[in-house]
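Along the sequence shown, residues are numbered consecutively beginning with 1. None of these values were measured; they are calculated from a predicted model.
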Amino acid sequence: MTIQLPSTDGVLRTYEPRTEPLTVSPGTPFTSRTVFSAAHVVADPYADVSPDSPAAVDWDATLAFRRHLWSHGLGVAEAMDTAQRGMGLDWAGAAELIRRSAAEARAVGGRIACGVGTDQIAGGSLVEIRAAYEEQLAVVEESGAQAILMASRALAAAARGPEDYLEIYGHLLRQSTEPVILHWLGPMFDPALADYWGSADLDTATDTFLEVIAAHPDKVDGIKVSLLDARRETDLRRRLPRGVRCYTGDDFHYPELIAGDDQGFSHALLGVFDPLGPLAAQAVRVLDTGDTSGFRALLDPTVALSRHLFQPPTRFYKTGVVLLAWLAGHQTHFTMVGGLQSARSLPHLARAYELADGLGLFPDPKLAEERMKTLLSLYGVIA
């Protein structure tokens, strides 16, 4: 059987899907690395909503996907940008997601960390921004989940310089009950976060970031860096206080950063581990045995898919992630909150299917092929 896939030049090309998936079994948590998958939300396709409406979430399918990730030993990073925070999922929806997922984590013994931001306000003074952070931090801590202090659009707009970041983050770290993960999300993921930490110069911004950590090392479990710059992440990792982890958020260079070098390694908190979950888990278990070459042999071939999903405009990577979840049978439809399923072109989606199929990511390749053909027909592609 073959399928006709559209290329970027408008020409159809013939692709022969694989017939057997990669065989991956669920397993226990890892011993050498701490690994989180930032997970997407499943929209309710029957809800009568518009792109401006509050998100309508299919809670059963959303929680089932998190159980899938936990079954492979992965932690879940909840209510992050992969869950469309600020791109279709508002704070009210995120708060419910946090409470539901944290309860599910307790029920199955899964690890969970949840995003804390300021997206219940569009902007405001530093006092208002601090209060917004505090409100969200309370929700996460009351749920029993670990907190991830995310970058704030409101703070990026209101801050006058590094001193404002030092004040806000210092206050939050002093009052947090357990060590948190600090998240530095680059502007390629969210243009509103340009010049974060008070400077457009990344070296200066890094110094401020490290100053925040150095002042409260006992309150920082780790940092999540999403700048798509492997050298910068490695340099930053080597400057961290002892005991503070680096969680790579680099969806372009994650195999080399997780593998590490003779001076250390990165743990992981990655959006691409949503579609790659079982394969990524298998690779990390190989790494647990000390087999770095085997780890790279499994994970290096996935980078082409990740680079494709996260190509500019990078913030729309969620569309490809949800497409692959639908093709893999984790949900019954290709619908996203905020209508974001329309954010990528048909050739882009077709290439995502081809790359994922080549990796064996679909448990039922025939189902994936049939669903891809259905999508193609909706766009007017005639077999």
Within-4.5 Å side-chain heavy-atom neighbours: C246 and L240: yes

Flag, side chain of Q84 to backbone of V337, donor-acceptor distance under 3.5 Å: yes

Atom CZ of R174: over 12 foreign heavy atoms under 6.0 Å: yes

H308/F310 aromatic ring centres below 6.0 Å: no

Main-chain N/O of R18 paired to D357 side chain as donor or acceptor, under 3.5 Å: yes

Test item: Q282 side-chain N/O and V24 main-chain N/O as donor-acceptor pair under 3.5 Å: no

D81 with R315: basic N within carboxylate O range, under 4.0 Å: no

Heavy-atom donor-acceptor pair, H267 side chain to T34 backbone, under 3.5 Å: yes

Short side-chain donor-acceptor distance under 3.5 Å, E16 and T2: no

Option passing ring pair (Phe, Tyr, Trp, His ring centres under 6.0 Å) with F209 (candidates Y165, W184, Y169): W184

Nearest-0.5 Å distance, CZ of residue R66 to OG of residue S37: 8.5 Å

F273/F36 aromatic ring centres below 6.0 Å: no

Donor-acceptor side-chain pairing of H253 and E233 below 3.5 angstrom: no

Side-chain ion pair, E354 and R13, N-O less than 4.0 Å: yes

Check: R351 side chain, L309 main-chain N or O, donor-acceptor pair, under 3.5 Å: no

Backbone of E167 reached by a side-chain donor or acceptor of R130 within 3.5 Å: no

Rounded distance [0.5 Å steps], OG1 in T314 versus CG in D251: 9.0 Å

Short N-O contact, R33 and D288, less than 4.0 angstrom: no

D90 side chain to Q120 side chain, donor-acceptor N/O pair below 3.5 angstrom: no

cation_pi(R307, F252) dist<6.0 Å, angle<=45: yes

Rounded distance [0.5 Å steps], CG in L269 versus OG in S226: 7.5 Å

Spatial distance of atom OH (Y196) from atom CG (L202) [nearest 0.5 Å]: 14.5 Å

Check: T206 main-chain N/O paired with R239 side-chain donor or acceptor under 3.5 Å: no

Check: S143 side chain, A102 main-chain N or O, donor-acceptor pair, under 3.5 Å: no

L276 reachable from F189 in the ILVMFWY side-chain graph, under 4.5 Å edges: yes

Whether over 12 other heavy atoms sit under 6.0 Å from E178 CD: no

Ion pair check, R231 and D235, cut-off under 4.0 Å: yes

Check: G249 main-chain N/O paired with K224 side-chain donor or acceptor under 3.5 Å: no

Lys NZ or Arg CZ of R371 over F334 ring: under 6.0 Å, within 45°: no

Geometric cation-pi criterion, R100 with W59: 6.0 Å, 45°: yes

Spacing of Q341 atom CD and L323 atom CG [to the nearest 0.5 Å]: 11.0 Å

Close side-chain approach of F362 and L22, heavy atoms under 4.5 Å: no

Check: M80 main-chain N/O paired with R85 side-chain donor or acceptor under 3.5 Å: no

Nearest-0.5 Å distance, NE2 of residue H72 to CZ of residue F30: 9.5 Å

Worked check of side-chain hydrogen bond (donor to acceptor under 3.5 Å, both in side chains) between D58 and Q331: CA-CA 10 Å; D58 181 336; Q331 54 194 81; over 6 Å; no

